[in-house]
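Presented below is the structure to which this report refers.
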Amino acid sequence: MPLMQDVRELDQHAWRDGMTMFGIHGLAPWVSMADPRRFAANVTTLQRLGPSVVLTGHSPSIHANRVDEACEILGSLAEAPVPPCPDQSVLDLIPAAMGD
């Protein structure tokens, strides 16, 4: 399975749901304790810098045409409903999907 180079290659809903799930469970489990308005304001401050690309170790590259959407998703994490965390059955699907 080839690695995806850009989030444009991902299904938009899967990307949004994945960012929310991983953002809450993997990167910032504390985010539900943050003040939603202050958290979103900090994300907006970053967004106003006008990045043309966002590189992350947890996603394909996010280019200018999706940066605003990524910031909107990130900024809404403090108010987002907590999605279910993947369990072992989901993790077992990863090697199967990769052909191992």
Side-chain angles (χ1 to χ4, degrees):
M1 171 185 268
L3 293 176
M4 297 192 178
Q5 300 296 314
D6 191 300
V7 295
R8 291 177 289 201
E9 299 174 52
L10 299 172
D11 174 81
Q12 184 173 358
H13 296 291
W15 178 58
R16 176 177 285 274
D17 292 348
M19 277 191 63
T20 301
M21 187 278 304
F22 192 71
I24 291 173
H25 292 297
L27 297 176
W30 49 264
V31 76
S32 64
M33 296 183 285
D35 178 288
R37 287 183 295 241
R38 291 177 68 190
F39 185 79
N42 280 292
V43 173
T44 299
T45 298
L46 293 172
Q47 183 179 7
R48 287 185 182 143
L49 295 173
S52 60
V53 65
V54 176
L55 302 175
T56 168
H58 304 289
S59 168
S61 301
I62 304 168
H63 289 269
N65 64 331
R66 301 293 288 275
V67 168
D68 285 341
E69 183 180 2
C71 289
E72 185 270 317
I73 296 167
L74 180 61
S76 69
L77 286 182
E79 297 181 301
V82 177
C85 191
D87 60 12
Q88 188 62 45
S89 65
V90 174
L91 297 175
D92 290 341
L93 292 174
I94 295 171
M98 295 177 73
D100 292 343

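Hydrogens, waters and symmetry mates are skipped; everything else that's a heavy atom, side chains included, is used.
With sequence neighbours excluded, no residue forms a side-chain contact (heavy atoms from CB on, under 4.5 Å) with Ser32. In this structure His25 satisfies the side-chain hydrogen bond (donor to acceptor under 3.5 Å, both in side chains) test with no other residue, sequence neighbours excluded.
One N or O on the side chain of Thr56 and one on the backbone of His58 form a donor-acceptor pair closer than 3.5 Å.
What you find for Gln12 and Arg66 is that their closest heavy atoms are CG-NH2, 3.5 Å. Closest non-hydrogen pair, Phe39 versus Gly75, comes out as CD2-O, 3.9 Å. Looking at every heavy atom in both residues, Ala34 comes nearest to Ala78 through O-CB, 4.1 Å. Smallest separation of non-hydrogen atoms from Thr20 and Ala80: CG2-CB, 4.0 Å. For the residue pair Val7 and Pro60, the shortest heavy atom distance occurs at CG1-O, 3.6 Å.
Each of Val82, Leu74, Ile24 was evaluated against Val31; a single residue qualifies, Ile24, per the side-chain contact (heavy atoms from CB on, under 4.5 Å) test.
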I'd like a table of donor-acceptor pairs (distance under 3.5 Å, sequence neighbours excluded) in which one partner is a side-chain atom from residues 44-52, with atom names and distances.
from  : atom 1 : to    : atom 2 : distance (Å)
Thr44 : OG1    : Ala40 : O      : 3.0
Thr45 : OG1    : Ala41 : O      : 3.0
Gln47 : NE2    : Asp68 : OD1    : 2.7

Under 3.5 Å donor-acceptor pairs involving side-chain atoms of residues 83-97, not counting sequence neighbours:
from  : atom 1 : to    : atom 2 : distance (Å)
Asp87 : OD1    : Ser89 : N      : 3.2
Asp87 : OD1    : Ser89 : OG     : 2.6
Asp87 : OD1    : Val90 : N      : 3.3
Gln88 : NE2    : Asp92 : OD1    : 2.7

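Annotation: salt bridge (Lys or Arg N to Asp or Glu O under 4.0 Å) contacts involving residues 12-29, sequence neighbours excluded, comprise Arg16-Glu69, Arg16-Glu72. Pairs of residues two or more places apart, or lying in two chains, never qualify as salt bridge (Lys or Arg N to Asp or Glu O under 4.0 Å) while including a residue from residues 25-43.
Under the 4.5 Å side-chain heavy-atom criterion for ILVMFWY residues, a single connected hydrophobic cluster contains both Trp30 and Val43. Transitive grouping of hydrophobic side chains (ILVMFWY, heavy atoms separated by less than 4.5 Å) keeps Leu77 and Leu27 in distinct clusters. Grouping the Ile, Leu, Val, Met, Phe, Trp and Tyr side chains by contacts below 4.5 angstrom, directly or via other members, places Val54 with Trp15.
Atoms CG and CZ, from Asn65 and Arg8 in turn, are 5.0 Å apart once rounded to the nearest 0.5 Å. One distance of note links OG of Ser61 with CG of Asp6; it measures 6.5 Å at 0.5 Å rounding.
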